[in-house]
**Student:** 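Mind looking over this structure? Questions follow.
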Amino acid sequence: MRLSQLPWNTLKETPAEAEVVSHQLLLRAGLIRRLTSGIFTWMPLGLRVLRRVEQVVREEMDRAGALEILMPAVQPAELWQETGRWDRYGDLLLRIRDRHERDYCFGPTHEEVITDLARRELRSYRQLPVNYYQIQTKFRDEIRPRFGLMRAREFVMKDAYSFHLDQASLDESYATMAGAYGRIFTRLGLRFRTVEADSGEIGGSRSQEFHVLADSGEDAIAYCDADGYAANVEMAPTFAPRGPRAAPAATLTRVATPASRTIGEVSGLLGVPAQRCLKTLLVEGADGGLVALALRGDHTLNAVKAERLPQVAKPLAMASPERILALTGAPTGFAGPVGLAVPLVADHAAGKLADFVAGANADGFHHTGVNWGRDAAEPVCADLRNVEPGDPSPHGGPLQIARGIEVGHIFQLGTKYSQAMKATVLDHDGQERVMTMGCYGIGVSRIVAAAIEQNHDAQGIVWPGPMSPFDVMLLVLNPKNSDAVTAAAEKLYLQWRQAGLEVLLDDRDARPGVKFAEADLLGIPHRVVIGERGLKDGVVEYRHRRDGAEEKVAISDALAFLIRNRDAGAAA
RNA sequence: CGGGGUGUAGCUCAGCUUGGUAGAGCGCUUGCUUCGGGAGCAAGAGGUCGCAGGUUCGAAUCCUGUCACCCCGACCA
């Protein structure tokens, strides 16, 4: 493609509406344009990125035996009423009415459509298993679209649905998909982690998320490189510290701690590290009373875990200051286990504390030298806290915590939809059997944003080779000044393309500085500069976008050199 | 939906408090000079100041309504 033929507008300044880097750079590099909140146009260069991602996804899905179809974007309400989601899905569903006053929605997902298709098409167990997929535009009417492509309302998604006679077959396809997903993100050149997701709903159902690692990610992931464990921080369990609790050594003492409500303040005032302070949180109980949750001062409460306690009301709700005052006789910040008249559950780590500091249930007072079993009842212990870096994983290795952007999710649906929609086949014995389903999604357009979040610098985007809009950017310096340079550039452009390289030729009559700056902004990994200077010596200058080191390459060697570098980048 | 903020040229923003009919930088057009990291000079084009009412001799500016967008929260594969 020739830049001289392309109306390509870059922005030197950051548009005010863009909050995150990926959004800023996508706009500045002229890859997308916003039409309205959460809805974007893909510009020529941006669309090439999207298409490359799609292509990798498509190839790996095909390789894994999935069958590509394309379902309608607009879906009739009747199907959604069958599964009950017409009412349950809520405002996320964009509803449309046609001229006959019939209700439709713009599909936010396609379980209903695919299950309807399956019940019509699939009749015999001999046709199973089957895995259909599509790459489609979806619409979810997000309450608050934000972060550009990261949480857009209209977005491109690859969704796949598999149908099986039994769980064993589903397990097999699920594993195949997990493998395919790993290959997809690896091929795209992204650093990612596969994490175990919530599998609480139906017994036996499994679910894994694929996260691109980036500091700006919305999800926190705990992982261990040593043993391969990875999970969403909400899901990662913590374990009781090994060994017995230290024996009480200090005496229970009431100390004045005026206006010290936070662990930080109390710890600072008394000179006791936060690890030896007890954080006593009061929450609404399932029976209408209050429940105390005790954590070590340096730990934080995990709401998901807390909600699993039978004593605790769902959803988790902190007690109001009024109820805390009524119970403890003190404002918030002074609660403690000594003499507290409500059930108490301690985190495993908090339960191992001895001679610790805790609130005295009196305004402006704490206790030091508190000990379980002596000053307060021996606590019921449970896993209540978020994992911290360095905590052991379930496999034993030390955990690290990183932020991630969810770009893929696979899960076993079971018979949730097939049951509701009576999607059955005849089994070997001629009996009707409800099919078991799996469901596998990839946020294709979100991958584009995630890739930028993970790969950028002060100059602009640094595309991973496989998803760059072009393999090579050929930058011609001052073409107007030299017919020889122009001729040499044209020759290379033709030759390289014939050899299968995708080349973006900057043949514009623009100043070199502009070309360099815009090339960096666009972020094509391999940049070749051809100018009068080098041409005299028969060389062009090569620079890799990420490394930044320039090297001169003989024009005659350039093609082989580029192909080698491109393939090395794709393999890495 | 609750809270906050912003709508002025393609983009980033000033002007609004204290009403007098619109500005800067970037971008765009033309010319000259320049030409290896977002050039310089000169001359231009471009805005019913989101929209609708109202107050006023006069409204970008004050008032009311409305729409859009952004941020925080709740919510959410």
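These figures come from a predicted structure and were not determined experimentally. Chain letters run A, B, ... following the sequence lines, proteins first, then strands; residues in each count from 1.
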**Student:** Aromatic contact between A:Y440 and A:Y181, with the criterion being ring centroids under 6.0 Å apart: yes or no?
**Tutor:**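 No, too far apart.
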**Student:** Give, for atom CZ of A:R187 and atom CD of A:Q55, the distance between the pair rounded to the nearest 0.5 Å.
**Tutor:**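 One gets 8.5 Å once the value is rounded to the nearest 0.5 Å.
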**Student:** Could you state the atom-to-atom distance from CZ of A:R508 to P of B:G38 in whole Å?
**Tutor:**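 Roughly 14 Å, once rounded to whole Å.
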**Student:** Would you give the length of the straight line joining atom OG1 of A:T194 to atom CD1 of A:I221, rounded to the nearest 0.5 angstrom?
**Tutor:**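 The distance works out to 9.5 Å.
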**Student:** Let's test this: given Watson-Crick or G-U wobble pairing with both distances under 3.5 Å, identify the partner of B:C32.
**Tutor:**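 For B:C32, the partner nucleotide comes out as B:G40, under the 3.5 Å rule.
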**Student:** Rounding to an integer number of angstrom, what distance separates B:G20 and B:G25 when you compare their C1' atoms?
**Tutor:**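 To the nearest whole Å, 27 Å.
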**Student:** Calculate the interatomic distance between A:R511 atom CZ and B:C41 atom P; express it in whole Å.
**Tutor:**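 Going from CZ in A:R511 over to P in B:C41 covers 13 Å.
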**Student:** Can you check the A:L93 CG to B:C75 C1' distance for me, whole Å?
**Tutor:**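 Whole-Å distance recorded here is 16 Å.
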**Student:** So which nucleotide does B:A60 pair with, by the Watson-Crick or G-U wobble rule with both distances under 3.5 Å?
**Tutor:**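 In the structure as shown, B:A60 has no Watson-Crick or wobble partner.
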**Student:** Using purine N1 to pyrimidine N3 plus N6-O4 or O6-N4 for Watson-Crick, or N1-O2 and O6-N3 for G-U wobble, each under 3.5 Å, what pairs with B:A14?
**Tutor:**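 No nucleotide pairs with B:A14.
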**Student:** For B:U66 and B:A24, measure between their C1' atoms and round to the nearest Å.
**Tutor:**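 Those two atoms are separated by 31 Å.
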**Student:** Is A:T109 touching bases, backbone alone, or none of the nucleic acid, heavy atoms closer than 4.0 Å?
**Tutor:**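 No contact at all - A:T109 keeps every heavy atom at 4.0 Å or more from the nucleic acid.
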**Student:** Under 4.0 Å from OP1 or OP2 of B:G27: is there any side-chain N or O of A:K12 that close?
**Tutor:**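 A:K12 to B:G27 OP1/OP2: side-chain N or O found under 4.0 Å.
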**Student:** Whether A:T36 contacts B:C69 is assessed here as follows: a side-chain N or O lying under 4.0 Å from the phosphate OP1 or OP2. Is that the case?
**Tutor:**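 Result: yes.
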**Student:** Between B:G38, B:U12, B:C76, which nucleotide has the shortest distance from any of its atoms to the side chain of A:E518?
**Tutor:**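 Taking heavy atoms from C-beta onward, the closest nucleotide is B:G38.
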**Student:** Output every pair passing salt bridge (charged side-chain N to carboxylate O under 4.0 Å, His left out) with a member in residues 26-45 of chain A, not counting sequence neighbours, ordered by first then second residue.
**Tutor:**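 Checked against salt bridge (charged side-chain N to carboxylate O under 4.0 Å, His left out) - neighbours excluded - the pairs reaching residues 26-45 of chain A are A:E17-A:R34.
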**Student:** With rounding to the closest Å, how many angstrom separate the P atoms on B:A42 and B:U56?
**Tutor:**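 Taking atom P in both B:A42 and B:U56, they lie 47 Å apart.
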**Student:** Looking at every strand, decide which applies to A:R33 at a 4.0 Å heavy-atom threshold: base, sugar-phosphate, or nothing.
**Tutor:**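 Since no nucleic acid heavy atom lies under 4.0 Å of A:R33, the category is nothing.
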**Student:** Can you list the residues that meet the side-chain contact (heavy atoms from CB on, under 4.5 Å) rule with A:A29, with sequence neighbours excluded?
**Tutor:**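 A:L31, A:I461, A:L521.
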**Student:** Which sits closer to the 5' end of RNA chain B, A:N481 or A:H409, going by the nucleotide each is nearest to?
**Tutor:**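 Its nearest nucleotide lies further toward 5', so the answer is A:N481.
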**Student:** State whether the distance check finds a donor on one side and an acceptor on the other, under 3.5 Å, for side chain A:E13 versus base B:G25.
**Tutor:**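 Side chain to base: pair present.
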**Student:** So which one's nearest nucleotide on RNA chain B is more toward 5', A:I143 or A:H211?
**Tutor:**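 This one resolves to A:I143.
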**Student:** Whole angstroms only, please: what is the NE2-C1' distance between A:H23 and B:C11?
**Tutor:**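 Value for this atom pair: 14 Å.
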**Student:** Closer than 3.5 angstrom, by distance alone: can the side chain of A:R191 be matched with the main-chain N or O of A:T186 as a donor-acceptor pair?
**Tutor:**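 A pair under 3.5 Å: no.
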**Student:** Determine the contact category for A:E19: base if any of its heavy atoms lies under 4.0 Å from a base atom, sugar-phosphate if only primed atoms, P, OP1 or OP2 are that close, otherwise nothing.
**Tutor:**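 A:E19: backbone/sugar contact only, no base atoms under 4.0 Å.
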**Student:** Can you tell me the Watson-Crick or wobble partner of B:C76, both distances under 3.5 angstrom?
**Tutor:**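 Partner of B:C76: none found under 3.5 Å.
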**Student:** Aromatic ring centroids of A:H211 and A:F185 under 6.0 Å?
**Tutor:**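 No: the rings miss the under 6.0 Å criterion.
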**Student:** Could you tell me which nucleotide pairs with B:G46 by Watson-Crick or G-U wobble geometry, both distances under 3.5 Å, or answer none if nothing does?
**Tutor:**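 B:G46 is unpaired by these criteria.
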**Student:** Rounded to the nearest Å, what distance is computed from the CZ atom of residue A:F516 to the C1' atom of nucleotide B:C35?
**Tutor:**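 From A:F516 CZ to B:C35 C1': 11 Å.
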**Student:** Name the pairing partner of B:G7, where a pair is Watson-Crick or G-U wobble with both distances under 3.5 Å, or state none.
**Tutor:**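 Its partner is B:C67 (Watson-Crick or G-U wobble, both distances under 3.5 Å).
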**Student:** Out of B:C70, B:U12, B:G38, which has the shortest distance to the side chain of A:E17?
**Tutor:**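 Looking only at side-chain atoms, A:E17 lies closest to B:C70.
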**Student:** Measure from the side-chain heavy atoms of A:R34 and tell me the nearest of B:C71, B:C69, B:G38.
**Tutor:**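 Looking only at heavy atoms from C-beta outward on A:R34, the closest nucleotide is B:C69.
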**Student:** Expressed in whole Å, how much space separates the C1' atoms belonging to B:U61 and B:G4?
**Tutor:**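 Here B:U61 and B:G4 have their C1' atoms 23 Å from each other.
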**Student:** Which nucleotide in the set B:C11, B:G38, B:C76 lies at the smallest distance from any side-chain heavy atom of A:L11?
**Tutor:**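 It is B:C11.
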**Student:** Is any side-chain N or O of A:R144 under 3.5 Å from a base N or O of B:C71, one able to act as donor and the other as acceptor?
**Tutor:**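 Check fails, no donor-acceptor contact within cut-off.
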**Student:** Check this one for me: any side-chain N or O of A:S37 less than 4.0 Å away from OP1 or OP2 of B:A68?
**Tutor:**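 No, because none of the side-chain N or O atoms of A:S37 sits under 4.0 Å from OP1 or OP2 of B:A68.
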**Student:** Take atom CG of A:L92 and atom C1' of B:A74, then tell me their distance rounded to the nearest Å.
**Tutor:**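 Spelled out: CG on A:L92 to C1' on B:A74 is 14 Å.
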